[in-house]
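Okay, structure first, notes after.
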There are 2 protein chains.
Amino acid sequence: MLTIGEFSRLTHLSVRTLRRYHGAALLEPAVVDETTGYRYYGVDQIPTAQVIHRLRELDVPLSDVQRILRTPDPGVRAALVAEHLQRLEDALDRTRAAVVSLRRLLRPDPAPIDVELRAEPARTVAAVEAVVGHRDIETWYAGAMAELEAAVVGDVTGPPGGSYDNALFEQERGHALVYLPSAAPPRTGRVHPVSLPAAELAVTTHVGEHDGIEVTYGELGTWVVENAMSVAGPVREVYVVGPRDTSDPAAWRTEIGWPVFRVT
Amino acid sequence: MLTIGEFSRLTHLSVRTLRRYHGAALLEPAVVDETTGYRYYGVDQIPTAQVIHRLRELDVPLSDVQRILRTPDPGVRAALVAEHLQRLEDALDRTRAAVVSLRRLLRPDPAPIDVELRAEPARTVAAVEAVVGHRDIETWYAGAMAELEAAVVGDVTGPPGGSYDNALFEQERGHALVYLPSAAPPRTGRVHPVSLPAAELAVTTHVGEHDGIEVTYGELGTWVVENAMSVAGPVREVYVVGPRDTSDPAAWRTEIGWPVFRVT
DNA sequence: CTGAACGTTCCCCCCAGGGGAGAGTCCACG
DNA sequence: CGTGGACTCTCCCCTGGGGGGAACGTTCAG
């Protein structure tokens with residue numbers, strides 16, 4: 001039996017942290033002295049402690065660590081871990097996007113932005129919608145678009161697009177809708193016909209991969225305000241040229257359309 | 001002038017967050033109505049808001065964001081940003097190490113560990129020591145070792161090594177010492193002669209890069225306890241084969257020596 | 001003029017710990 | 001056997017970067 005201090009030295013987890021893990025029912029000491037409350041650990045708990053330590057280094061929440069530890073099947077367990085590694089990859093992608101965006105922001109010579117004011121008529125498309133958290137958007141988008149492609153195969157009349165609550169770009173959750181234009185929108189699974197309302201949009205085109213698209217959003221916003229307008233309603237994006245069309249991200253063209261109304 | 005809600009939609013920062021940034025003196029509204037407390041922002045503040053947003057996505061602390069924003073010189077500012085990007089790279093390295101470590105931990109067939117009990121005599125070496133936080137160790141180590149190499153050039157009598165407080169492996173800060181053995185340890189800058197005390201060490205060798213060394217630590221710890229001993233004092237590492245000797249990390253050999261004493 | 005939408009402050013919550021106080025326990029040495 | 005120092009216990013507050021919601025004030029278009 002090892003005291004908490006010895007176990008701490010052996011696992012390189014601090015005493016405080018070990019106590020917290022006990023409290024969280026993550027790593028229960030082999031023996032707890034009933035009268036003194038002293039915790040005693042067994043050597044066989046060292047590997048478990050190390051697994052927890054590594055998972056925490058990967059920013060896996062304690063609740064998920066617990067779920068992983070309680071999974072007996074090594075295969076399922078490996079899958080859970082792989083899922084978190086995928087999450088890390090996604091985070092890395094976001095980091096890369098932020099770096100690109102930042103470089104563009106700090107560049108001294110901002111090119112003038114080309115904005116078109118467009119009256120968009122109402123139209124009906126094949127869509128998938130949901131209320132999602134902004135962290136889950138990319139995952140959700142991939143699934144929804146795959147389902148759309150499968151549902152309207154052979155009847156696509158234009159590039160895909162989406163409509164996103166402004167809240168989605170912040171920390172919160174909001175309504176998201178992705179669509180494929182189709183002559184006869186089907187109703188299968190999550191796919192159903194949706195009527196996009198008419199709107200007056202300020203439209204600009206972001207060229208290249210999505211990294212740095214936020215900068216374009218900012219420039220569009222500035223244009224809108226400087227032209228005595230204000231923004232309202234969900235943002236629309238049209239993936240004019242996207243991963244469906246070319247594997248070269250530099251050739252992608254994304255239309256950003258912001259519903260506006262004239263002030264003053 | 002934009003209300004906080006409009007500014008929020010334009011920058012994709014939540015209203016809450018904008019208020020917080022005001023409170024933190026990070027992004028002050030252009031105008032604050034004295035009587036109502038209403039915040040009003042200018043279009044020219046959009047780029048600043050975006051820079052903050054991107055930096056926060058890179059996990060730059062608000063205090064550092066503030067420092068970056070208040071730096072007028074673009075060159076110095078770029079250097080500050082680059083410093084944070086370097087920090088991200090380091091974090092990525094740690095993440096990779098944790099992944100390797102985790103894989104090794106979850107592997108079903110642990111190879112038996114080869115441990116040698118060794119009575120290490122006291123000896124004097126050229127050393128650099130400091131009290132550092134565990135996050136800064138790698139940076140500190142690189143600088144200290146460079147200084148050592150420069151100070152004892154031509155008089156190196158063995159592989160470099162280090163001695164690290166157990167606390168350093170946890171979340172806290174502790175004493176660290178790195179050394180190069182030398183016939184006549186010089187005293188230059190931070191480099192000075194240090195007498196390493198005699199100790200009985202349980203020694204094992206970690207092969208390959210440092211990724212996953214924590215697993216070896218755990219196995220060594222298990223060995224120590226199962227052989228009726230206990231650990232005491234700072235851990236010692238000897239970089240028998242390291243980056244000084246070969247650029248192939250797979251060939252690195254690191255001796256881990258843990259001061260032990262017999263219990264029973 | 002009125003009600004909806006928007007704004008304000010204030011307080012508590014989240015995570016995964018760190019710092020420290022005050023008190024109890026263990027054990028080796030004398 | 002006693003004692004002193006190292007160790008351990010619980011408890012409370014702190015961190016950072018927000019989110020949720022209450023209670024209340026302001027703005028502005030119909």
Side-chain angles (χ1 to χ4, degrees), chain A residues 1-9 12-27 29 31-41 52-53 55-66 133-135 166-168 170-174 230-233 261-264, chain B residues 1-9 12-27 29 31-41 52-53 55-66 133-135 166-168 170-174 230-233 261-264:
Chain A
M1 284 296 96
L2 301 160
T3 66
I4 198 170
E6 292 169 320
F7 196 70
S8 161
R9 282 189 288 278
H12 292 155
L13 283 163
S14 76
V15 171
R16 290 199 96 79
T17 302
L18 287 173
R19 284 202 273 254
R20 170 169 301 271
Y21 289 172
H22 180 197
L26 241 187
L27 181 63
V31 173
V32 178
D33 187 309
E34 298 256 326
T35 65
T36 69
Y38 273 37
R39 299 166 174 84
Y40 297 95
Y41 295 83
I52 299 175
H53 200 165
L55 288 172
R56 283 299 304 136
E57 283 184 344
L58 301 178
D59 275 330
V60 177
L62 287 189
S63 55
D64 293 21
V65 173
Q66 194 171 40
H134 88 295
R135 272 166 225 291
N166 283 299
L168 270 174
E170 303 163 11
Q171 330 312 324
E172 305 152 32
R173 34 197 302 107
S230 196
V231 302
F261 59 95
R262 206 161 286 278
V263 289
T264 66
Chain B
M1 282 300 94
L2 302 159
T3 65
I4 198 168
E6 292 170 320
F7 196 69
S8 160
R9 282 189 287 279
H12 293 157
L13 282 162
S14 75
V15 170
R16 291 199 95 78
T17 302
L18 287 172
R19 283 202 272 256
R20 170 169 301 270
Y21 290 172
H22 180 196
L26 241 187
L27 183 62
V31 174
V32 178
D33 188 310
E34 298 256 324
T35 65
T36 69
Y38 273 38
R39 299 165 175 86
Y40 297 96
Y41 295 83
I52 299 175
H53 201 165
L55 288 173
R56 283 297 307 136
E57 283 184 344
L58 301 178
D59 273 333
V60 177
L62 288 190
S63 55
D64 293 21
V65 173
Q66 194 170 40
H134 88 295
R135 271 168 227 288
N166 284 299
L168 270 173
E170 303 162 13
Q171 331 311 327
E172 306 152 33
R173 34 198 301 109
S230 194
V231 301
F261 59 93
R262 206 160 283 281
V263 289
T264 72

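Treat the numbers as computed from the prediction; the structure is a model and nothing was measured. Computed over heavy atoms, backbone and side chain alike; hydrogens, waters and symmetry mates excluded. Quick note on labels: first sequence line is chain A, next is B, and so on, each numbered from 1.
Scanning all heavy atoms of the two residues, the minimum distance from P29(B) to Y40(B) falls at CB-O, 3.4 Å. Looking at every heavy atom in both residues, L13(B) comes nearest to S8(B) through O-OG, 2.8 Å. Across all non-hydrogen atoms, the minimal contact from L62(B) to Y21(B) is CD2-CE2, 3.7 Å.
The CG atom of L2(B) sits 7.0 Å away from the CZ atom of F7(B) when rounded to the nearest 0.5 Å. Distance CE/M1(A) to CZ/R39(A): 15.0 Å, rounded to 0.5 Å. Distance check: I4(B) CD1 to L18(B) CG gives 5.0 Å after rounding to the nearest 0.5 Å. Taken from CD1 in I52(A) to CG in L26(A), the straight-line distance is 5.0 Å, to the nearest 0.5 Å.
Summarising the geometry, the separation between CD on E34(A) and C1' on dT25(C) is reported as 16 Å, rounded to the nearest angstrom. Atom CG in L13(B) sits roughly 10 Å away from atom P in dG19(D) (whole-Å rounding). In this structure, I4(A) atom CD1 and dT25(C) atom P are separated by 17 Å, rounded to whole Å. As a whole-Å value, the separation of L18(A) CG from dG17(C) C1' is 12 Å. For M1(A) and dT25(C), the CE to P distance is 21 Å, given to the nearest whole Å. Protein atom CG of N166(B) is 16 Å distant from nucleotide atom P of dA6(D), rounded to whole Å. Straight-line distance from the CZ atom of F7(A) to the C1' atom of dC9(D): 18 Å, rounded to whole Å. Summarising the geometry, the separation between CG on L27(B) and C1' on dG17(D) is reported as 16 Å, rounded to the nearest angstrom.
Distances shown here put every side-chain N or O of Y21(A) at or beyond 4.0 Å from the OP1 or OP2 atom of dA16(C). At least one side-chain nitrogen or oxygen of T3(A) sits closer than 4.0 Å to the OP1 or OP2 atom of dT8(D). Considering only side-chain N and O atoms, R39(B) lies under 4.0 angstrom from the phosphate OP1 or OP2 of dT9(C). Between S14(B) and dG18(D) there is no side-chain polar atom (N or O) within less than 4.0 angstrom of OP1 or OP2. Residue S63(A) has no polar side-chain atom (N or O) positioned under 4.0 Å from OP1 or OP2 of dC15(C).
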- If the sugar-phosphate is the primed atoms plus P, OP1 and OP2 and the base is the rest, what is the B/S/- string for nucleotides 22-27 of chain D, using protein heavy atoms under 4.0 Å? ---BBS

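Using modelled atom types, no side-chain atom of E6(B) and backbone atom of V231(A) make a donor-acceptor pair closer than 3.5 Å. Using modelled atom types, no side-chain atom of R16(B) and backbone atom of R20(B) make a donor-acceptor pair closer than 3.5 Å. Here the side chain of N166(B) pairs a donor or acceptor atom with the backbone of G233(B) at under 3.5 angstrom.
Closest to the R56(A) side chain, of the nucleotides dC9(D), dG17(C), dG18(D), is dG17(C). Closest to the R19(A) side chain, of the nucleotides dC9(D), dA16(C), dG18(C), is dC9(D).
Contact of R16(B) with dG17(D) (side chain to base): no donor-acceptor pair of N or O atoms is detected under 3.5 Å.
Taking five base pairs at each end of the helix from dC1(C)-dG30(D) to dG30(C)-dC1(D) and finding the rotation axis that steps the C1' atoms of four pairs onto the next four gives two axes whose angle is 10°, to the nearest 10°.
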